[in-house]
Protein chains: 2
Amino acid sequence: MKQGQGKPAADGECRESETAPDLELERFLPYRLSVLTNRVSRLMAREYESRYGIGVSEWRAMAVLGREAALSAGEVAERTSMDKVRVSRAVAALLHKGFVERRRDPVDQRVARLSLTARGEEVYRRVAALALAFEARLLAGFHAEERRRLFGFLERLDRRVLELGAEP
Amino acid sequence: MKQGQGKPAADGECRESETAPDLELERFLPYRLSVLTNRVSRLMAREYESRYGIGVSEWRAMAVLGREAALSAGEVAERTSMDKVRVSRAVAALLHKGFVERRRDPVDQRVARLSLTARGEEVYRRVAALALAFEARLLAGFHAEERRRLFGFLERLDRRVLELGAEP
DNA sequence: TTGACCTTGTTTCATGTGAAACTAAGTTTC
DNA sequence: GAAACTTAGTTTCACATGAAACAAGGTCAA
């Protein structure tokens, strides 16, 4: 099924810039990451979206507010790696659903202090449990050492991509 | 900066379902994958978008057509893990830009056989080279054994997520 | 050969996204 | 103390996404 009539890249000659780079998507890291990530996200989101009616952005905001209350929108953005627009919308939705409450910071009227409501806390606990269970199933075949290594790799790649993004 | 006033989860008691699961986004695999992937994709896409005016979907379609010509849209979808809507639009854009040509399959008039044009081939070669160079920079700190391990992990996770998605 | 069904690919529609413009509040400078 | 600047968060706009409806071709059975 492979190699319908691809480019075997001939052997000898190699006209001009016709180097025909050997790029196979299956072995290309950005592609593999993208496909895997989308599958993981979709599968997990499906669960809490259908059960609790919240999307990924909302869940991320709740996840940080569940551990640390009275954050500003900007702090939520930092901790979730989302931009401020996405946070703004996620928070608006959560306010509307009654999972988050907002009060203006008395010292600086521009910032809004965000916290989970009682209902929000409840949902947070459930979704957090769901999420951890999902992760556990995902990593079921990995023993402790492998998990460490996996996270180590992701950590290194993340640092690296930030470096590369900063340079040019 | 951490632990503004989070939930230290007390120590002894644990009312009702108040198990307060310990979910820290930084240590949560789906989140880590998502953030890393988005950074990688954005950074790389920026390069070829600005230079060659093609987006991620278009690039993926070209990547498979560059190795294997006369594919149907459905086959492109399979090989790129994109759905048929995305492929349809990517192909429409590539046709418009003159990077791809389409001819109806004489045997089955429903399917369209897609191939890169000469210009498409040229762009394919350049973007492929760009992509491979980018990947090389990304993996610069990984020696061969680590790369193998990394891809092995991704492979296992991918299989696992497909299993989990198929079950329920 | 005609009618029921399936398959390929496109279009519609409702939603999510982020860059840039914007509003409101705070700070600085002279 | 008021113009100039900065910062927090929202809104606008233009575009990407995917589920579902659709059109057009193909297959199968009676």
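Chain letters run A, B, ... following the sequence lines, proteins first and then strands; every chain starts at 1.
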Where does the chain A footprint on DNA chain C start and end, counting 5' to 3' with a 4.0 Å heavy-atom cut-off? C/dT17 to C/dG26

Do B/Phe153 and A/Phe142 have ring centroids that are under 6.0 Å from one another? yes

Need two values: the first and the last nucleotide of DNA chain D, 5' to 3', having an atom under 4.0 Å from any heavy-atom of chain B. D/dT17 to D/dG26

Value rounded to 0.5 Å, distance of CH2 in A/Trp59 from OH in A/Tyr124: 6.0 Å

Go through the side-chain N and O atoms of B/Ser81 and A/Tyr31 and say whether any donor and acceptor fall under 3.5 Å apart. yes

DNA chain C-proximal residues of residues 86-107 of chain B, any heavy atom under 4.0 Å: B/Ser88, B/Arg89, B/Arg102

Is B/Arg27 close enough and on-axis enough to A/Phe151, meaning under 6.0 Å and within 45°, for cation-pi? no

On DNA chain D, more 5' by nearest nucleotide between A/Arg42 and A/Val85 is A/Val85

On DNA chain C, nearest-nucleotide positions of A/Asp83 versus A/Arg110: which is more 5'? A/Asp83

Nearest non-hydrogen partners of A/Leu23 and B/Ala131, listed with the distance: CD1-CB, 3.6 Å

So which heavy atom on A/Leu25 is nearest to which on B/Val64, and how close? CD1-CG1, 3.8 Å

Which atom of B/Leu94 lies closest to which atom of B/Ala61, heavy atoms considered: CD1-CB, 4.0 Å

Walking DNA chain C from its 5' end, the first of A/Ser57 and B/Asp108 to be reached, judged by nearest nucleotide, is B/Asp108

With B/Arg113 as partner, the option from B/Glu75, B/Glu68, B/Glu101 fulfilling salt bridge (Lys or Arg N to Asp or Glu O under 4.0 Å) is B/Glu75

Students often get this wrong, so: under 4.0 angstrom with heavy atoms, is A/Val111 touching a base, only sugar-phosphate, or nothing? sugar-phosphate

Would a 4.5 Å heavy-atom cut-off, applied to side chains only, mark B/Leu132 and A/Asp22 as touching? no

Closest non-hydrogen atom pair between B/Gly98 and B/Arg119, with its separation: O-CB, 4.1 Å

